[in-house]
Each structure stands twice: as structure tokens, then as C-alpha cells.
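Working notes, structure below.
The model shown is predicted, which means the values in this text are computed figures rather than measured ones.
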2 protein chains.
Amino acid sequence: MTTRDSTRNRILATALSLFNDEGIAKTSVNRIAADLGISSGNLYYHFKTKEQIAEWLVRRFQERIEAITTTGSKVVALDDLWLVLHLALEAIQQYRFIYRDVDFLARASPRIAHRLQQITLRGIAGTERICSELAKADVIRASNEDVADLAVQMVLTATCWYTFARVWPAGNADADPAGRAAYHVLTLLTPYLKGDARLYMSYLRSKYLK
Amino acid sequence: MTTRDSTRNRILATALSLFNDEGIAKTSVNRIAADLGISSGNLYYHFKTKEQIAEWLVRRFQERIEAITTTGSKVVALDDLWLVLHLALEAIQQYRFIYRDVDFLARASPRIAHRLQQITLRGIAGTERICSELAKADVIRASNEDVADLAVQMVLTATCWYTFARVWPAGNADADPAGRAAYHVLTLLTPYLKGDARLYMSYLRSKYLK
DNA sequence: GTCTATATGCGGATAGAC
DNA sequence: GTCTATCCGCATATAGAC
């Protein structure tokens with residue numbers, strides 16, 4: 001690993017942290033450099049613009065999300081969905097600036113906008129696949145149409161959760177935010193659940209709603 | 001009406017339009033003044049800061065939303081919910097900068113953050129009331145717990161819809177965006193619907209999904 | 001109420017030395 | 001690769017004339 005790679009990564013790490021904590025709009029390139037202890041001239045050597053930094057972070061997020069949603073393991077129980085959801089929501093939380101500042105990002109660069117749309121479409125497709133496997137495994141009872149609607153709703157909830165939590169006081173204070181978020185996404189399945197899957201949901205409810 | 005009020009209102013109108021079109025972060029006070037054809041000095045006479053402009057817009061939004069959700073008319077059919085939803089989503093669309101830049105706004109001022117939380121809580125409470133009336137009227141079959149979850153999901157979807165549509169290609173291109181959004185919120189009720197309410201949903205589906 | 005003029009500072013970005 | 005120095009432009013905000 002060359003020194004150059006290392007600095008690049010440290011820039012990305014510091015930027016991610018600042019973007020998450022202060023918001024992209026309020027984070028200046030100078031600030032990133034200062035926090036990292038390097039000169040802004042040096043930073044500009046590695047990234048020509050702030051948008052370029054953001055784009056690389058989005059790219060990393062995409063890789064991570066797609067690694068999660070394309071694991072081809074079989075889905076036969078609610079727990080399998082729970083795991084995937086949890087991993088995805090952890091990633092979303094670690095890169096939470098993305099969905100908090102979606103509008104800013106999409107405006108800043110058409111390439112980022114396109115990448116975000118890709119992520120959404122693949123997320124919905126992956127979720128749809130998982131749900132229809134759950135239907136096949138008799139965990140839920142749902143038509144193809146139901147499953148399609150469900151997948152959209154689940155992805156919407158997952159991606160918007162941390163933003164929504166900001167305006168819903170009951171939604172944030174929590175030791176395990178990703179778990180709480182995953183619970184809320186799973187709640188969408190409630191009316192479709194069959195048999196013991198209902199019991200599992202009750203267990204999750206008791207765990208996440210005090 | 002004095003001249004002062006008129007200018008104030010024109011500032012708010014221009015600011016709203018620019019916030020919606022360009023985003024708050026990218027809209028400078030100078031730009032608002034320029035678009036309006038007044039000097040920035042004049043604008044500062046009316047509003048000390050950009051946040052103050054935003055706060056007044058949020059206040060107006062709140063008044064409008066609360067006027068919608070506190071209309072005490074009886075809810076006996078899906079159509080009653082449809083109307084309320086449509087009005088709320090039209091308001092959300094007209095003030096769409098609010099939920100697009102929620103994070104920015106909440107950071108900019110604790111008072112705005114608090115106001116947004118108020119709006120959310122009252123929105124959820126109002127939605128819950130409507131849903132339980134629908135249950136009483138036998139339009140849907142849902143427990144109190146179901147209704148509580150449902151209300152949160154509906155408000156989340158309604159408030160985040162226009163943001164989500166930005167990353168979901170299938171969600172935006174539409175002649176009647178508020179109608180489309182309302183349809184998606186109503187979809188959450190699908191599994192709970194009884195009897196002819198199902199037919200009504202089918203009708204909406206055919207109308208909004210081509 | 002409204003304007004012009006201006007102070008002040010910060011963020012983005014580059015040049016050139018080491 | 002990294003630093004220092006620096007330029008440019010824009011945004012916020014104020015002072016004072018009309």
C-alpha cells in the first residue's frame with residue numbers, strides 16, 4: 001500500500017465522519033483537511049472537488065450494499081430477512097449523510113444521482129426476491145402484486161428512516177438504532193405473516209418497543 | 001394591508017420558490033433579493049437571517065397542515081382519508097424543501113427542529129384517529145396496535161415521498177404527483193381492507209400505475 | 001421602507017517551492 | 001506527496017443616505 005492510498009483513505013474516512021456529523025453542505029474542504037491535519041493544497045491533490053469525495057463515498061456505499069443484497073443464500077425464515085436488513089441498515093447508518101442529503105447530492109452531480117437510482121432499483125429488486133422466497137416458503141401469504149408494493153415500501157422505509165427519526169422524537173433515542181430501524185421495516189410484513197412468524201414479530205416488538 | 005406586509009409576503013413567496021427549486025443550502029439571501037427585484041439591504045430589514053425566513057415558511061406550513069388534520073369531519077369511507085391525504089400531500093409538495101432539507105433545517109435552528117417534531121407528532125395522532133374511525137366504520141380490520149404502526153408508516157411515507165422519488169426513477173414522472181403520493185400512502189392500508197374498499201383500491205391502482 | 005456602498009470573512013481552487 | 005502562499009469570488013451582514 002503506497003502512501004498515496006493511505007492519505008486518500010484517510011481523507012475519505014474523515015470526510016465521511018464530517019458529512020455524517022455536520023452535513024455535506026456545512027462541511028468545507030478546508031475543514032476536512034484541518035481535521036485530518038493536512039494542508040488543503042494536499043487534499044486538492046487527491047480530490048479536485050468536494051463532490052468528487054462524495055462520489056467516492058457513494059461508490060463505496062454502493063459496493064457494500066450490493067454485496068449484502070446479492071448474497072444468494074436461501075431465504076426460508078423471517079430471520080434470514082432480518083439479517084440482511086440489519087446489515088443494510090448498518091451500512092445506511094454508517095453512510096447516513098447520503099440519504100439525509102440526497103437532494104444536495106443529486107443536484108451536485110448527475111453521476112451521483114444516477115448511482116443513487118441504481119442503488120434504489122437494485123435494492124427494490126433484491127427485496128422483492130427475498131419477499132417472494134418468503135412467500136414460497138409459506139412464511140408470508142402475499143400475491144405478486146403485494147410483494148411488489150411491499151418491496152418499494154420496505155426500501156423507502158429503510159432509506160428514509162434515519163431522516164424521519166430526526167423529526168419523530170420517539171424514533172431516535174435507542175441503543176441499537178439499526179435494530180430499531182430493521183424492526184420498523186419488518187413491521188410492514190406484519191399483516192402478511194403466517195403461523196409462528198407472527199410469534200417472532202411479537203418477540204421483536206417486545207424487544208424494540210421497551 | 002401595509003406595504004411592509006406585502007414585501008414580507010413577497011420575500012417569503014420568492015424564498016419558498018427558490019428553496020424548492022434549488023435547495024436551501026444553495027439559495028443565498030442575495031439571490032432571493034435579486035429574483036424579487038429588491039436590494040439585499042431591504043431584505044435584511046425584513047428578515048435578519050436566512051434561517052428566519054425558513055422558520056416563517058415552516059410556521060406557515062405547520063398552520064396549513066394542522067388545518068387539514070384537525071378538521072373534525074367524520075371518516076366513514078376510504079374516500080374521506082383519500083381527501084385528507086391529498087390535501088396534506090399537496091401542502092407537502094408546495095413546501096417540499098422542508099422534508100428534502102430536513103437535516104439542514106433541524107441543524108440550523110433548534111426552534112425549527114422542535115416545530116418539525118410537533119408537526120410529525122400531530123400528524124401521526126391525526127392519522128391514527130382517522131384509521132381507528134375507519135376500523136370502527138368497518139372499512140378496515142385492524143387492531144389498535146396495527147393502527148398505531150400504520151399511522152407511523154403512513155406519515156413516514158407521506159413526508160419522505162418526494163425525497164424518495166428523487167432516487168426512485170419510477171416514482172416521479174407523473175402528471176399528478178400528489179395523487180401518486182397519496183396512492184402510495186393508501187397502499188399501506190391494502191392488507192387491512194374489507195369488502196368494497198378493496199375495489200376502490202383497485203380503481204386507484206389502475207388510475208395511478210398506468 | 002428602500003436603496004447604495006461597503007466591511008468582513010470564508011470557501012473553492014491553483015501555483016510553485018520543497 | 002505535501003506544504004505555503006495566495007487569488008478569486010461569493011455570502012452574510014451592517015451603516016447611512018434618501
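Residues B/Tyr192 and B/Val147 are not in side-chain contact: their nearest non-hydrogen atoms beyond the backbone lie 4.5 Å or more apart.
For the salt bridge (Lys or Arg N to Asp or Glu O under 4.0 Å) with B/Asp103, the qualifying choice from A/Arg96, A/Lys26, A/Arg166 is A/Arg166, the only one to do so.
At a threshold of 4.0 Å, the pair B/Arg180-B/Asp176 does not count as salt-bridged, since none of the basic side-chain nitrogens sits closer than that to a carboxylate oxygen.
The aromatic rings of B/Phe61 and B/Tyr95 are tilted relative to each other, their planes meeting at an angle between 30° and 60°. Ring geometry for B/Tyr183 versus B/Tyr208: interplanar angle under 30°, hence parallel rather than tilted (30 to 60°).
A/Ile53 places its CD1 atom 12 Å from the C1' atom of C/dG12, with the value rounded to the nearest Å. Spacing between atom CG of A/Leu18 and atom P of C/dG11 amounts to 12 Å, rounded to whole angstrom units. The distance from atom CG of B/Leu43 to atom C1' of C/dT4 is 15 Å, rounded to the nearest whole Å. Atoms CG (B/Leu36) and C1' (C/dT2) sit 12 Å apart, rounded to a whole Å. Going from atom NZ of A/Lys26 over to atom C1' of C/dG12 covers 16 Å, rounded to whole Å.
Judged by distance alone, with hydrogens and angles left aside, the side-chain atoms of B/Lys50 form a donor-acceptor pair with the main-chain N or O of B/Ile24 at under 3.5 Å.
DNA chain C contains the following stems of three or more consecutive Watson-Crick or G-U pairs, with both distances under 3.5 Å: C:1-18 with D:1-18.
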Polar atom pairs (N or O), protein with nucleotides 12-17 of chain D, under 3.5 Å:
{"from": "D/dT12", "atom 1": "OP2", "to": "B/Val29", "atom 2": "N", "distance (Å)": "2.8"}

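Side-chain contact annotation: B/Glu90 with B/Gln94, donor-acceptor N/O pair under 3.5 Å absent.
Under the ring-ring contact (aromatic ring centres under 6.0 Å, His included) criterion, the residue pairs touching residues 5-34 of chain A are A/Phe19-A/Phe97, with sequence neighbours excluded.
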